[in-house]
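Each remark here refers to the structure printed beneath this line.
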Amino acid sequence: MQAAAQTYSQINFSALETKTRKYNDAGSYLIATASLYIFISFLFRMKVYPTIETIFSNADITPSTNFIWLMANWELITGITTGFLFLCFAFSYPIKHIRDFSSDISDKLLYKIFLPSSIRTSYSNILDILRFPLGSTGGTSASPYIASLTDAAKHSQNSLCEEINILLTLEVKKLEKQCDRLNKAILSMAAIVIVLSICLFLQTTYSTIFLLGNIV
């Protein structure tokens, strides 16, 4: 146990620090934008649309087909936008919480569903590296790093510490790259859906409002 403590004292734990702020900020911005869109479109659908519908009906004029379709399918469009926000959060939550490296995620259903196997494997490898000085690899002796760590331990404690630091740096960078790729994909898909929804709403409502101005 004393040897393990000495080994841990020489491990560079700063290698476990990962950068997620840019994705957290982007995700927060998307959620705020989508929430504002849903709120405004809800007010328009519930408060403004009935008045517009009455004016067009009294004037015996039919609004544009796009406007009618948008109002008829408002719940569906809002539901799709909300669903993508939920998926964005569902994927981002496990990505954010695996970065503390505090527990094994191999048996957790949430992580199995929303995290690719490559990310789960990298995470398990990092835990195996961290647990090695204690003689425990969490039951994952198939980790590709166990053999090299065992060889290093046979030479000296310093060799083991150097090997752990090198492998931690490599595997954390690999994990961070995989998480970044997944974050980019999630945010890109969510952004496309949100932007398309907003553009459709603005285009149809503004054209209808301008037409309404000519009637009044």
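FYI, side chains are in, hydrogens and waters are out, and symmetry mates aren't considered; it's all heavy atoms of this structure.
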Worksheet entry | Contacts of type side-chain contact (heavy atoms from CB on, under 4.5 Å), residue Lys173, not counting sequence neighbours | Thr169
Practice prompt. Give the C-alpha distance, both sets of side-chain angles, the deciding distance and a yes or no for side-chain contact (heavy atoms from CB on, under 4.5 Å) between Ser117 and Arg120.
Written response: CA-CA 5 Å; Ser117 59; Arg120 299 199 306 271; 3.8 Å; yes
Worksheet entry | Inter- and intrachain pairs under side-chain hydrogen bond (donor to acceptor under 3.5 Å, both in side chains), touching residues 186-207, at least two apart | Thr81-Ser197
Item to complete: Mind checking side-chain contact (heavy atoms from CB on, under 4.5 Å) for Val48 and listing every partner two or more places apart, or none if nothing turns up?
Response: Phe44, Ile52
Fill in: Derivation of the ring-ring contact (aromatic ring centres under 6.0 Å, His included) call for Phe56 and Tyr49
CA-CA 10 Å; Phe56 274 108; Tyr49 173 66; 9.5 Å; no
Discussion item. Could you see if Ile40 belongs to whatever hydrophobic cluster contains Leu30? Use Ile, Leu, Val, Met, Phe, Trp, Tyr and a side-chain cutoff under 4.5 Å.
Written reply: yes
Item to complete: Among Ile126, Thr121, Asn125, Asp180, find the one that has a side-chain contact (heavy atoms from CB on, under 4.5 Å) with Leu175.
Response: Ile126
Item to complete: Can you measure from CD1 (Ile166) to CD1 (Ile129) and round to the nearest 0.5 angstrom?
Response: 11.0 Å
Worksheet item: At what distance, to the nearest 0.5 angstrom, does CD of Glu75 lie from CD1 of Ile80?
Response: 12.0 Å
Worksheet item: Leu43: what forms a side-chain contact (heavy atoms from CB on, under 4.5 Å) with it, not counting sequence neighbours?
Response: Phe39
Discussion item. Taking the side chain as everything from C-beta on, heavy atoms only, tell me whether Leu115 gets closer than 4.5 Å to Tyr123.
Written reply: no
Response to the item:
Rounded to the nearest 0.5 Å, the OG1 atom of Thr208 sits from the CD1 atom of Ile55 at a distance of 12.0 Å
Worksheet entry | Nearest heavy atoms of Met71 and Arg45, plus distance in Å | O-NE, 3.1 Å
Item to complete: Mind telling me whether Phe42 and Trp74 have parallel, tilted or perpendicular rings, with 30° and 60° as the class edges?
Response: tilted
Worksheet entry | Backbone of Tyr37 reached by a side-chain donor or acceptor of Ser41 within 3.5 Å | yes
Item to complete: For Thr82, check side-chain contact (heavy atoms from CB on, under 4.5 Å) against everything at least two apart and list the hits.
Response: Ile38, Thr78
Discussion item. If I take atom CD1 from residue Ile68 and atom CG from residue Asn73, how far apart are they, to the nearest 0.5 angstrom?
Written reply: 11.5 Å
Worksheet entry | Beyond-backbone contact of Leu130 with Leu168, side-chain heavy atoms, under 4.5 angstrom | yes
Discussion item. Within this structure, what is the CZ-CG distance for the pair Arg131 and Asp128, rounded to the nearest 0.5 Å?
Written reply: 7.0 Å
Worksheet, complete the sentence: Note: with side-chain heavy atoms under 4.5 Å as the link, the other cluster members for Ile192 come out as Leu196
Fill in: Straight-line distance of Leu36 CG to Ile31 CD1, nearest 0.5 Å
13.5 Å
Worksheet item: When clusters are formed by joining ILVMFWY residues with side-chain heavy atoms under 4.5 Å apart, either directly or through shared neighbours, do Val195 and Ile77 land in the same one?
Response: no
Discussion item. Does any part of the side chain of Pro116, heavy atoms only, come nearer than 4.5 Å to the side chain of Gln178, both counted from C-beta?
Written reply: no
